[in-house]
Every structure is written in structure tokens, then in C-alpha cells.
Amino acid sequence: MKPDTLIELSSKVRNDYKKAMNNVKRRVTVCAGTGCVANGSLRVVEALIAACEKHGSPASVSLAFENAEQTTLLLVAKSGCQGFCQMGPLVTILPDGILYTKVKPEDAEEIVASTLCKNVVVERLLYRDQANARMCHGTANIPFYALQKRKVLAACGVIDPENIKEYIAAGGYAAAHEAIHSMKPEAICKLVLEAGLRGRGGGGFPAGKKWELTRLAKGDKKYIICNGDEGDPGAFMDRSVMEGNPHSVVEGIMIAAKAIGAQQGVVYVRLEYPLAVKRMKHAVAEARAAGFLGKNAFGSDFSFDIDIMEGAGAFVCGEETAMIASIEGKRGMPEPKPPYPAENGLFSCPTVINNVETLASVPLIFNEGAEVFRSVGTQKSPGTKTFALTGHVVNTGLIEVPFGSTLRQIIFDIGGGVTGANGKIDPNGFKAVQIGGPSGACLTKKHLDMPLDFDSLKSIGAMVGSGGLVVMNQSTCMVSIAQYFMQFAQNESCGKCVTCREGTKQMLALLTDIVEGRGTKDTLEILKTTANVVAKASLCGLGKSAPNPVLSTMREFAEEYEEHIVNKTCPAGECKALSRPTILADKCIGCALCTKSCPVGAIVGQRKMPHTIDAALCINCRACISTCKLHAIV
Amino acid sequence: MDTSQSTPDKTRQFNAVFEVLKKNNNDKSRLIPILQEVQEVYRYLPPMVMSFIASSLGIPASRVYGVATFYSHFTLKPKGKHVIRVCDGTACHVKGSSEIATTLRAHLNLGPGENTTQDLLFTLETVSCLGACGLAPVMVVNDAVHGQISSAQACSIVDSLKKSEARHEA
């Protein structure tokens, strides 16, 4: 390719796109993210195409760039994750701005016959606000979308992720072209540093500084690694970006490569994300075919290529040095730092490792400038952050908000409130929100109005992590949650450090004691001591932060631990070993079989009348449960 | 009598591994992708194959074994024809995924410590997060994601697979 062909190409692509779009009377976008595909969105696409055919207005499935003169009146396209996973499959109709939710293939006929042919909205498919039963026409009046600030996710769920031209038409690759052709590496690092971009993967280290260090490091060969090993349970932001807008990640990697002088990039993606792997591979192949990657990228003297590597299921590989070991074909075990990867990384060469979302934010900084990027968010944590909002909340899905937003805004305004045990809104249901996965902490009511950013979370013993937010209602037992995370850390501990390998095992045993009613006051003391040792003496982030969920729940829910230990009860009713059997009055016929089975005579009642269990006498042997033929004892 | 059908042909077995090694340029840093591709073929990593890979790449067999046992994706025991993965990520956990896993274990008659059914039809795994948290609780059967499932639905999905297998047999 000749030097300026991208500019020519993109202006041609953009013109073609404009022409093509002018011809498109309507664009029907069906979400094809993992969530919607699971709910059958691909069958919806087929049904829509068939219905269009039947109504005499055949639809195209991709924009006719090549022959822009061709009139395409109707376009049925797939997109990446639109975010509102719970309401999927989602169908957006433009320019009407209609969003249909929970669309089934059977609904395709009505959508085409009413909306596409007669401009009549199919009201039963619109989203209904649970709080006030108001019908919402489109994203603009759905609180879930209207209250977000989607920048990194702006194009996710709009453009076709498998068509590079749509990305170019939306201004894509202009930043990479500028960086590679007309910017010095130091200027790129300076710009990213000025924008204040901090690593979205957890620690929040300034990306520009990392790049500058690697740029200055001596070495003939340098690498850039994109960390897509999003292993935190409850987080799927990186998956959505890789699925919904893979080219933004590729472009970010290219800019980083130019900044540090890397010849090779590696995208390390979790094995559990097959669609993300497929879309990233496709995007890299498209970029290579367009001459953006490979020898003499964009016709410059800069040569750079990207490899995609699938992980093999080890959480610890999210840690920089463990990821490097994994790419080198070894057991993914962390190494002591320093030396940092910036000096001695992949194959002992200087290496930058950035998270997916961090890299996807880079083109944004180039396109809008550092000033505009900084204007959103807080002074020390500029920009926006994506969060995966899940658990006991009305609207679950992928969201993006400026740093400094509060949990109250996220859970109650965007999320629509907390759901109770019956799945309906419960105004008093909020108990805690877990942030940052197994490295994070449980935050409570008193944290609801705290602005969220890297530093505020750190100051209270939590961390952004990769951004999973799991909301929990009153029926969740905080001791079991701590046990759950400890089980996770114990499973995933690589075994290198004694404190992490043995410490997590002991902490898990101690927590299991509490959950199963064997805990004493000493248990808490030993737990606290062990937790502090593990946090201080482990090498990598996994061990260092593994005690966070335990320490934070012990701090915020001390009385719940007390209940388990002193009164041997679980206030949330979740710990089976601590719950006494109860007789369901509506099922019990008073046959008295259970009274005979009870070794302590705790069951009383008149014959042929519902019986009851005297909690003071019951020893929880559960003999009655297996005796009852009517399953009236639970 | 033609024995090639009843006894596995060893040279043909290793041919597949050979292809994979060649595709990856016999590069020892590509050990993980190599093992992934080989496991695709065998559904597990037989000891003989691991030794073969080690000598072809010029690395100790212990290193191959070390990698194969470190990552949870690799298995040294044959997996079932259908792999059921129940997600136990935080979001799925708080929405009751452990109950689904327990029910499925009982439904598949899996004993303690067993993950694969005797007839090698099903393997049940719990995984830490599938990243479909918006649909919690989630179960993945082969590559199909099933979201917002109940224990009863999980069992009926397994039953329909069993039925189609039985029909296939007949």
C-alpha cells in the first residue's frame, strides 16, 4: 500500500457508506452477543429475513459497499453485545429508534408486517419500566441506557463487528494511521499520559507510563500483549468489547506497538469465550488483508503483526508474569517483580501488557483529544469505566459510566433497583454489592453514595478489579459468599507460594467450619491472622488479594459472623447445616410418623393436625425429613 | 480378517499429532495450542501422546505433563461425548447454580469424585465463569449456552440428549 492510501480508502469507504446508508430506509439490528445468541437471536435473524421476503421487501444482510448504487431498502444486520442481556434477544430498528426486547422467531412476522410495512409499533415487545409500568419506545427513554455514558461501548451493538468497513466508516483506524505515519513514539506516550488513561484491568497503573518505560527499555525485539483473560467470576466487559467492536482493540494494540516499538502483538483470550476468539481472529485477518497489519503497515516502514492465543483455563494467567509464562508454553506461574515486563517480559524482551478495555480506549483519546477524554470522570481517574451489572438487580447487563459515579446511581437508577427472593423489586432488599471479584470486597449501604474510582475503592480495601458488580439481596449469606470466593482462590492458587497455597486452604476450612456450625470465637481470630499473612507474604495479586472478600465481610457484617458462631443460626437462611427443619402446615396431615423418628421428642402436635418442631429441643439430626412421606418437612 | 477397525491403528493415531506438530512448526513455545488441538482429536491427553509430543519438541516429558496438569482445560481422563458445563461464577452462584450442579450429578448418577458417566456419554464440569452473567444461572452443553435455567430445565436438556442418543443407537 502507498503511504496515503488509508486516507483515500477511508474517505472512499465513508462516502460509499453514506451512499449505502442513504439507500437504506431501515436498519434492523439484531444483537448477536453471547447472551442474545443463547436466547436464540440467530434464529430471529433468519425469521426476520424470511418474513421480509414474504412481505415483498427482501432484506440485505450486509451493507452493499462495493456497489453503492444498488438500492438496498432494508438491512437486517447482526451486532455485538447491546448490553441489556437480560432482556434479549434485542432488536433495534433505525431510524425509528425502536428497541424490541425478548424477541422470539415467531415475533418476526408481526414486526415486519406492522413496524416495517405499516410503521406501527408492536407494543407488546417494548420494554416496560418495572418501577412505573411505563412503556419505553427505545433506548433514549429506557433508564438502563439513558443514564449511561457509552464511549468505549459506543459502537458495540451498533456496527457489524465482522465488517471492517463499518468500523472504518465510523472513523476507525484513522488514529492508528496518524500514530504510525506522523507521530513519534514519545509523542504517543505523552498523549496517553496526558489523557490520564489508567489500566482498566485492576491496578489502575497509568498506561502512558507503562508505555514510556517499555519504550525506553533496550531490546531489538519488543512485544505488546493484550490481556483478554477476564477470569473474574461475574465480569464480562472485555468479552463484550472483543465481540462487539474487535477492531477498536486491534487499533489500540497497533498504536501501543508504535509507541513502544513492538514488532509482534499477542492477544491472550480466555478459552471460555469462543465467540470473542472468533471475532478477534476475524478482525485481525481483515486488518491484515487491508494492509493495516503485517509488513509495512499502512505503507509505512513500520511492520507489526498480531497473534491470537487461547488460554487453557487458569485464572492466575491474568497476572502479567504468569501470562508471559503461559504464552511461552509453560505452567502459568507468576515471577517476582522486578524485573518488570517493561524490561524483561515475553521471551526476555521488553513487553507491555494492557487490558482489552484499556487498549480499546486508546483510539478514543486520539480521536477526541486528551482534553475531552479527561473532561469525563474524576481528576485522578479520568474517562469512563464499563461494569458488568449482575445478581439480584432488575436490569442486568453491560454498562458504562464515568468514573466517580456512585453505586446508588448504578444499582438503583440504571439497574432499576434490587430484586427480592421472588424476583420482584424489593425497596429494602439491598444488602451488599461485590465489586472486583475474588480480589475485591463487599460494599454495603454506607458505601452507596461514595464516588467510584481507583483510589476511593483502594482506600476502603476494595478494588475496581476488572469491573464485575454483583448485587446481593437480603437472602444472601455473607459468610457463604466469603466461603465461595475462598473456594475460588483455593482452586486457582497456582501453588508457588506456601502462604497462598496453604493459607487459602486453611481459610477455606475455617470458613466451612463457621458455615457448618463448628465455628468458635477462636475461628475468627485465626481467620484474621491467616488472612493478614496471606495478604502480606504472597507473591502475586491472586494471593495478595485473596483475603479481601473475607476481611471485608468480617468488617462489614461482623454481626452475621457472630450469629453463625454464637447462636448457630444463619440470618439469611442460606446455610443448610444451621437451619432447623420446619414443618409445612399446609402439607402436614398429622400422621405422626415423624414424632416416632425424632430421637429427642422435639416434634409435638395432635393427631390429624399439623405438627410443629420445638426449636429448643431439635438437634438438627434431620431424621424427620427423610421419614416424612409427604415432603412436608424442609 | 480386517483388524484395523477393532484395534486402533497406532500409526494413524500419531498421524493426527504429527499434523498438529507440523502446523505449529514444532515450536516448543506453542505447547499449549498444540495440546489444545491434540485434545480436540482424542477428547483427552493419553500418556503416550504426551511423551510423543515431548520428544518431538525436544523438551522433557515432565514439562508436558506439568503443563497438562496445570491448566483446567486439559484432562488426562477421557471426557464424555457431551460436555455439560455449569457456571458457578458469582452471579450464577447467588442465583442458585450449586443446586443445579447437585441435581445434575444425581440425575446423571455420578458418584463422588466422578465427572464422567460410565457410558462415556456425559461429562459434568463446574466452571468459574462463562461471562454470560446477565443470563445467570447459565449452563453450556457442548457449545450451546442455556441461560436463566432451573434444575428441572437442566435435567430435561440432558434427557433430550439421552433420547436422541438412544434413537441414534437404534
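The shown structure was predicted, so the numbers you read here are calculated from the model rather than taken from an experiment. Only this structure's heavy atoms are used, side chains among them; waters, hydrogens and symmetry mates stay out. A note on names: the letters A, B, ... follow the listed sequences, proteins ahead of strands, and every chain is numbered from 1.
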Mark yes or no for whether A:Asn227, through its side chain, and A:Asp229, through its backbone, hold a donor-acceptor pair below 3.5 Å.
-> yes
Contact class of A:Ser475 relative to chain B, heavy atoms under 4.5 angstrom = neither
Might you point out which heavy atoms bring A:Met486 and A:Ala546 nearest each other, and give the distance in Å?
-> CE-O, 3.5 Å
Checking heavy-atom separations under 4.5 Å from chain B, one finds in residues 235-243 of chain A A:Ala235, A:Phe236, A:Arg239
Residues in residues 107-118 of chain B near chain A [non-hydrogen atoms, under 4.5 Å] | none
Sequence neighbours left out, what passes ring pair (Phe, Tyr, Trp, His ring centres under 6.0 Å) with A:Tyr127? Give chain and number order.
-> A:Phe84
Are B:Thr75 and B:Gln39 close enough that a side-chain donor and a side-chain acceptor fall under 3.5 Å?
-> no
Should the pair B:Phe52 and B:Phe18 be assigned to parallel (<30°), tilted (30 to 60°) or perpendicular (>60°) ring geometry?
-> tilted
Among residues 85-94 of chain B, those lying within the under-4.5 Å heavy-atom range of chain A are B:Arg85, B:Asp88, B:Gly89, B:Thr90, B:Ala91, B:His93, B:Val94
Counting heavy-atom pairs under 4.5 Å with chain A, the top scorer among B:Gly134, B:Ala68, B:Ser98 is B:Gly134
Just by modelled atom types, is the A:Glu328 backbone N or O under 3.5 Å from a matching donor or acceptor in the B:Ser29 side chain?
-> no
Between A:Leu398 and chain B, which part of the residue has a heavy atom less than 4.5 Å away: side chain, backbone, both or neither?
-> neither
Answer with side chain, backbone, both or neither: which region of A:Cys81 has an atom nearer than 4.5 Å to a non-hydrogen atom of chain B?
-> neither
Nearest heavy-atom pair of A:Asn395 and A:Gln86: which atoms, and what distance?
-> CA-OE1, 3.4 Å
Would you tell me whether B:Glu165 and B:His82 have side-chain atoms, one donor and one acceptor, within less than 3.5 Å of each other?
-> yes
Would you say the side chain of A:Glu492 lies within less than 4.5 Å of the side chain of A:Val316, judging by non-hydrogen atoms?
-> no
Please check if atom NZ in A:Lys278 has more than 12 non-hydrogen atoms from other residues, nucleotides or ligands closer than 6.0 Å.
-> no
Contact winner vs chain A - B:Leu135, B:Thr69, B:Val140, heavy-atom pairs under 4.5 Å | B:Leu135
Tell me, out of A:Ala38, A:Ala312, A:Ala314, A:Gly234, who's got the most heavy-atom pairs with chain B below 4.5 Å.
-> A:Ala312
Does A:Pro334 offer a backbone N or O that forms a donor-acceptor pair with the side chain of A:Lys496 under 3.5 Å?
-> yes
Where on A:Phe485 is there a heavy atom nearer than 4.5 Å to chain B: the side chain, the backbone, both, or neither?
-> side chain
